[in-house]
Each structure stands twice: as C-alpha cells, then as structure tokens.
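Here is the structure we will look at.
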Number of protein chains: 2
Amino acid sequence: MLTKGLEDYLELIYQTISKNKVIKAIDIANEFKISRPSVSEALIRLADLDLIIYEGRKGIKITEKGVVEAKKIINRHNILFKFFSEVLKIDYQIADKNACKIEHVIDDEVLDKIHQFSELYIKNRANKELN
Amino acid sequence: MLTKGLEDYLELIYQTISKNKVIKAIDIANEFKISRPSVSEALIRLADLDLIIYEGRKGIKITEKGVVEAKKIINRHNILFKFFSEVLKIDYQIADKNACKIEHVIDDEVLDKIHQFSELYIKNRANKELN
DNA sequence: ATTTATTGTAAGGTAAACCTAACTAATTGT
DNA sequence: ACAATTAGTTAGGTTTACCTTACAATAAAT
C-alpha cells in the first residue's frame, strides 16, 4: 500500500503532467521541502510499484496504473475540499490543507457518505434560494 | 507535541480511570496490539511530558495536565463520531474507527465548524420531524 | 569550449516507533 | 511457602522516512 508521502508525490506528478508541464525530482523536493536524495528514493519506490516510469534526468512519466491511483487520491481530496469549503464554508487554504491530511486516512465508506451528503446539501440549498 | 500513538494511549488511560477502573501497561498493550516494551517506553514518555505519573507496577495516574489533554482529544473524537454516526448515518464501528484516525490530523478550525454544523443540522432535523 | 551551476545519486547517518528475547520482580494458586 | 504465572524492564534489532556530505553527470553562461 501507498504511504502518505508517496501519495502526495504521485498526486503532484499527475497534476503537473495533466497541465502538460514537465515535473522533475527537484520540483517535488521544493514543493514538499524534502531533500533531493529523499525524492530520488521515493521516485524509485513509485517506479517499483509501476506507478511511474523514472529515468533520472530523462524525466518522470506516469503509467496507466499511476493515473488510476492518482485520480483516486485527487478524487478523495476534491470531495473533502468541496465539503469543507462549500458546505462548512471554511477558508480555501485551510480546507485544502485539511483535505490533504484527511485524504490519507479516511475510509471509502465515510468518504462516499460525505460525497452524497455534500451534493444533496448543496442542491437543496440552491433550490431553497430559488424561492 | 503529542504523537498519534501517545494521544491514543492517553485517551485510553483517561477513559479507564474515569470509570474508576485501574489501567495497567499490559492493558494498553492488549488494546492497541503493541508489545509490552513499547508501552513501557510510551508511558515513560507520557510521564516526561507530565501527562501521567507512572510508577511501574504501582500504577498509572493521570495528572491535571493529562486530564486537560485527554479531554481535548476525546472532545475531538466525540465531535467527529457524532457527525459521522448521526449526520452521515455511518455504522458505529466505522464511525469510531474513522474518528480515531481523523482526530489526530484535523485542525481545530475545521473541527469547530463540523461541531456547529452537526448541532444545527440535528436540531433542524428534529424540528422538521415535529411537523 | 570551458567554467559554473544545477540536478540527481551513492553512501552513510538519525530518530521514531515499533519489535523479540531474556531477565527481574511481583502476584497468584495450591 | 513456594512454584508457576504475570507484568514490567533491559538490551539490542528492524523499518521507515527522513537527513547530510560528497560526488557524478548534465545543462547553462561566458
């Protein structure tokens, strides 16, 4: 299973590549304020798990499996972020920071309920405002 | 700062003592499925932080400071548990398990909002049912 | 084209939170 | 009372996720 750190790195890799940008090991080091050797190690681990293809300076590519995994993580993040910011009206930065921490520990069953609840709540609120 | 593990152990110590029961190192080991030496070490650490008074076989006592800290943790747990079980209608066991994990990472600001939201939501639902 | 700066790797270290095995002290059963 | 069991400690080991220092390879600047 993927650790919190690896999930974070994969998330950033996917998001960067999605924007047609290139991501390098040093970008991950800077983003998460960890050393270059630690990133090196983490990337090798992600490659061992077939989530990325890592060829050092030649670049970082994400695999099919990596995309699936990254999307799962981002989906968790987005559900939590939406609930925090739109339902609870929490400031974006704090909503994001907490989504980032909770996305690694919450069970799918709970996440699904939050998702359903959020959608319903936001829809109902919108209907109410029409009257 | 208290780590996840130490928070969990302190929580159990407080809850057990609150019920006028005696808690021993081995109870903590059994509850969390960790070894006796690991508990020994953790209790020394909690004592170093002035959260408990630990005298080996003579027993574990909780300090004023420990009570304050434990109550904070339990409060977080209860807020999350109530939200999960009463608002989201999640099964007790899963609600408890997730509260247990999230209580260690969530920010106070988010917790407060969840608390307010839960109370309001439950109250409104009760009023609706009266009509 | 060389020098300089940047990026990545290798080697080895640290701290946290666990572990096992072996020992000691205290409690319990007969 | 004393043997057996239980509880806690000591000593030393493992794993994970970091770190620093030093080096190698590539890219950029002059």
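In what follows, chains are A, B, ... by sequence order, proteins preceding strands, each numbered from 1.
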Item checked: Rounded interatomic separation in angstrom, taking CD from A:Glu41 and P from C:dG13 -> 15 Å
Notebook entry, point to check: Given atom CZ of B:Arg36 and atom P of C:dT24, what is their separation to the nearest angstrom?
Noted result: 15 Å
Next item on the list: Send over the distance from A:Leu43 CG to C:dA10 P, rounded to a whole Å.
Entry: 13 Å
Next item on the list: Using a cut-off of strictly less than 4.0 Å between a heavy atom of the residue and any atom of DNA chain D, enumerate the qualifying residues of residues 10-34 of chain B by number.
Entry: B:Lys24, B:Ala25, B:Ile26
Margin query: Once ring pair (Phe, Tyr, Trp, His ring centres under 6.0 Å) is applied, what residue pairs with a partner in residues 84-111 of chain B remain, sequence neighbours excluded?
Written below: B:Phe81-B:Tyr92
Item checked: Which atom of B:Ala70 lies closest to which atom of B:Ile62, heavy atoms considered -> CB-CD1, 4.4 Å
Note to self: In whole Å, I'd like the distance from the CG atom of A:Leu2 to the P atom of D:dT16.
What the structure shows: 14 Å
Check: B:Lys58 NZ to C:dA26 P: how many Å, rounded?
Finding: 9 Å
Next item on the list: For residues B:Ile28 and B:Leu43, report the shortest heavy-atom separation together with the two atoms involved.
Entry: CD1-CD2, 3.9 Å
Check: Does anything in residues 46-57 of chain A reach DNA chain D, meaning a heavy atom under 4.0 Å, and if so which residues?
Finding: A:Arg57
Checklist line | Of all pairs that satisfy ring pair (Phe, Tyr, Trp, His ring centres under 6.0 Å), the ones with a partner from residues 31-78 of chain B, not counting sequence neighbours | finding: B:Tyr9-B:Phe32
Margin query: Taking side chain to side chain donor-acceptor pair (under 3.5 Å) as the definition, give me every residue that meets it alongside B:Asn20, ordered by chain and number, with sequence neighbours left out.
Written below: none
Next item on the list: Measure from CG on B:Asp8 to P on C:dA17 and round the result to the nearest Å.
Entry: 12 Å
Margin query: Using the side chain to side chain donor-acceptor pair (under 3.5 Å) criterion, which residues pair with A:Lys101? Sequence neighbours excluded.
Written below: B:Asp107
Check: Roughly, in whole Å, what's the span from CD1 in A:Ile44 to C1' in D:dC18?
Finding: 15 Å
Notebook entry, point to check: Atom NZ of B:Lys4 to atom C1' of C:dA17: distance rounded to whole Å?
Noted result: 12 Å
Note to self: Check the phosphate of C:dT20 against B:Ser35, side-chain N and O only, distance under 4.0 Å to OP1 or OP2. Yes or no?
What the structure shows: no
Notebook entry, point to check: Within the pair B:Ser38 and C:dC19, is there a side-chain N or O less than 4.0 Å away from OP1 or OP2?
Noted result: yes
Note to self: For a quick test of reading the model: is some side-chain N or O of A:Thr3 closer than 4.0 Å to OP1 or OP2 of D:dA17?
What the structure shows: yes
Checklist line | Gap separating the CD atom of A:Glu119 from the CD1 atom of A:Ile79, nearest 0.5 angstrom | finding: 8.5 Å
Check: Which atoms form the tightest heavy-atom contact between A:Asp50 and A:Thr63, and what is the distance?
Finding: O-OG1, 2.6 Å
Notebook entry, point to check: CG/B:Asn127 to CD/B:Glu129 distance, rounded to the nearest 0.5 angstrom?
Noted result: 9.5 Å
Notebook entry, point to check: Between A:Tyr9 and D:dC18, does any side-chain N or O lie under 4.0 Å from OP1 or OP2?
Noted result: yes
Next item on the list: Ignoring backbone atoms, establish whether B:Arg45 has a side-chain N or O less than 4.0 Å from OP1 or OP2 of C:dA17.
Entry: yes
